[in-house]
Novice: 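Structure below; questions to follow.
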Amino acid sequence: MAFKTYEQQRAEDVEQLGALIATIPDFPSKGVQFKDIFPIFREPAALKQLVEHFHRYCEHEITERVDVVVGLDARGFLIGPALAILLGAAFVPVRKRGKLPGACINAEYVKEYGKDIFEMQADAIKPGQNIIVVDDLIATGGSAAAAGNLVKQLAGNIIRYLFIVELDFLEGRKKLDAPAYSLLRY
Ligand SMILES: O=P(O)(O)OC[C@H]1O[C@H](OP(=O)(O)OP(=O)(O)O)[C@H](O)[C@@H]1O
Ligand SMILES: Nc1ncnc2[nH]cnc12
């Protein structure tokens, strides 16, 4: 097989993985065009391609050492730990209220179809650690911004937000305090 440049591999990933995303109208409520990532996860080769895409992005675009990958409840848990293993980093979950034991910090947020409270264990991040925040999708940016708020409460240093899907028209990345990268933008 011919050698592919970083950009050629990126374009191939966007095309092949993008073709697997399904759009379901009016889910979970009327007017929402729900982007379903699970068809990617049903195909072993696509799942590997997805995780390797994010790993390649980090190797190519991030100069700092990544200490911790933070994943958002619940679909951020699907790629966060796999990416953390490839990066040699730790994984820390952000969970919805009431799910984590011990002392927790919290942040309230509003998202595309509702509002909620996120929590993180108070000793999950050490001051000054370099953090990547990972989720399946950014819509209004409320969820990712709340996760960023939690990291900042613990004095972590966010170096990137990573998403599989971004809904550009909702301008969620404007709420974020660090650069964002999305594999697929609609
Ligand atoms: O940018 P926003 O408007 O905040 O929306 C994006 C968030 O919404 C979805 O999660 P959801 O809260 O539906 O939870 P789930 O992963 O448990 O389904 C999605 O996985 C993101 O976390
Ligand atoms: N349109 C959407 N599709 C999938 N997940 C979402 N989370 C928030 N908005 C979403």
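Note that ligands are numbered from 1 as they come in the structure, with each ligand's atoms numbered from 1 the same way. It should be emphasised that the depicted structure is a prediction, and the values quoted were computed from it without experimental measurement.
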Novice: Starting from atom 20 (O) of ligand 1, locate the nearest protein heavy atom and write down its residue, its atom name and how far away it is, to 0.1 Å.
Specialist: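 Atom 20 (O) of ligand 1 sits closest to the protein heavy atom D136 OD1, 2.6 Å.
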Novice: Taking it one step at a time, do F41 and L20 satisfy side-chain contact (heavy atoms from CB on, under 4.5 Å)?
Specialist: CA-CA 10 Å; F41 287 74; L20 291 171; over 6 Å; no
Novice: Below 4.0 angstrom from a heavy atom of E112, which ligand 1 atoms are there? Numbered from 1 as shown, please.
Specialist: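 The list of qualifying atoms is 3 (O).
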Novice: Is the closest side-chain heavy-atom distance between Q9 and E52 below 4.5 Å?
Specialist: no
Novice: Under the criterion side-chain contact (heavy atoms from CB on, under 4.5 Å), which of D135, L137, D136, I138 is the partner of L72?
Specialist: D135
Novice: Quick one: look at D135 and ligand 1, take heavy-atom pairs under 4.0 Å, and tell me if it's side chain, backbone, both or neither.
Specialist: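 Under 4.0 Å from ligand 1, D135 contributes side-chain atoms alone.
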Novice: As an exercise, state the distance from CD1 of I159 to CD1 of I131, rounded to the nearest 0.5 Å.
Specialist: 8.0 Å
Novice: One pair per line, please: each N/O atom of ligand 2 matched with every protein N/O atom under 3.5 Å away, atom names first, then the distance to 0.1 Å.
Specialist:
from	atom 1	to	atom 2	distance (Å)
ligand 2	1 (N)	Q33	O	2.9
ligand 2	1 (N)	E112	OE1	3.1
ligand 2	3 (N)	K35	N	2.9
ligand 2	5 (N)	R75	NH1	3.4
ligand 2	7 (N)	Y113	OH	3.2
ligand 2	9 (N)	E112	OE1	2.4

Novice: Which atoms of ligand 1 are found less than 4.0 Å from any heavy atom of D73?
Specialist: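 So the atoms of ligand 1 that pass are 16 (O).
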Novice: Quick one: nearest non-hydrogen protein atom to atom 7 (C) of ligand 1, plus distance?
Specialist: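 Of every protein heavy atom, S143 OG, 3.4 Å lies nearest to atom 7 (C) of ligand 1.
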Novice: Would you check the N or O atoms of V110, main chain and side chain alike, for any that come under 3.5 Å of an N or O of ligand 1?
Specialist: no
Novice: In terms of atom number and element, which parts of ligand 1 are under 4.0 angstrom from non-hydrogen atoms of K96?
Specialist: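 Once the distances to K96 are compared, the set is 11 (P), 12 (O), 14 (O), 15 (P), 17 (O).
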Novice: Quick one: look up the protein heavy atom nearest atom 8 (O) of ligand 1 and list residue, atom name and how far away it is.
Specialist: Y113 OH, 4.0 Å
Novice: Would you say the side chain of L83 lies within less than 4.5 Å of the side chain of L162, judging by non-hydrogen atoms?
Specialist: yes
Novice: Hey, which atoms in ligand 1 end up nearer than 4.0 Å to a heavy atom of L137?
Specialist: 6 (C), 21 (C)
Novice: Can you classify the ring geometry of Y181 versus H53 as parallel (below 30°), tilted (30 to 60°) or perpendicular (above 60°)?
Specialist: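 The arrangement is parallel - the two ring planes meet at less than 30°.
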Novice: Is any N or O atom of A139, backbone or side chain, closer than 3.5 Å to an N or O atom of ligand 1?
Specialist: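 Right, the criterion is met.
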Novice: Would you mind checking which non-hydrogen protein atom is closest to atom 18 (O) of ligand 1, with the distance to 0.1 Å?
Specialist: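 The answer is R75 NH2, 2.9 Å.
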Novice: Around atom CD of E108, are there more than 12 heavy atoms of other residues, nucleotides or ligands at under 6.0 Å?
Specialist: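 Atom CD in E108 is not packed in, count stays at 12 or less.
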Novice: Tell me whether N130 contacts the main-chain N or O of R65 through its side chain, where contact means a donor paired with an acceptor under 3.5 Å.
Specialist: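 Between the backbone of R65 and the side chain of N130 there is a qualifying donor-acceptor contact (under 3.5 Å).
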Novice: Got a sec: does the NZ of K48 have more than 12 other heavy atoms crowding it under 6.0 Å?
Specialist: no
Novice: Quick test: of every protein heavy atom, which one is nearest to atom 12 (O) of ligand 1, and how far off is it to 0.1 Å?
Specialist: K111 NZ, 2.5 Å
Novice: Is the closest heavy-atom distance from G141 to ligand 1 below 4.0 Å?
Specialist: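 Contact present.
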Novice: Please determine which of H55, E61, R56 meets the side-chain contact (heavy atoms from CB on, under 4.5 Å) test together with E59.
Specialist: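 Exactly one candidate clears the test, H55.
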Novice: At a 4.0 Å threshold, what atoms of ligand 1 neighbour a non-hydrogen atom of T140?
Specialist: 1 (O), 2 (P), 3 (O), 4 (O)
Novice: Identify the closest protein heavy atom to atom 16 (O) of ligand 1: which residue and atom is it, and at what distance?
Specialist: A74 N, 3.0 Å
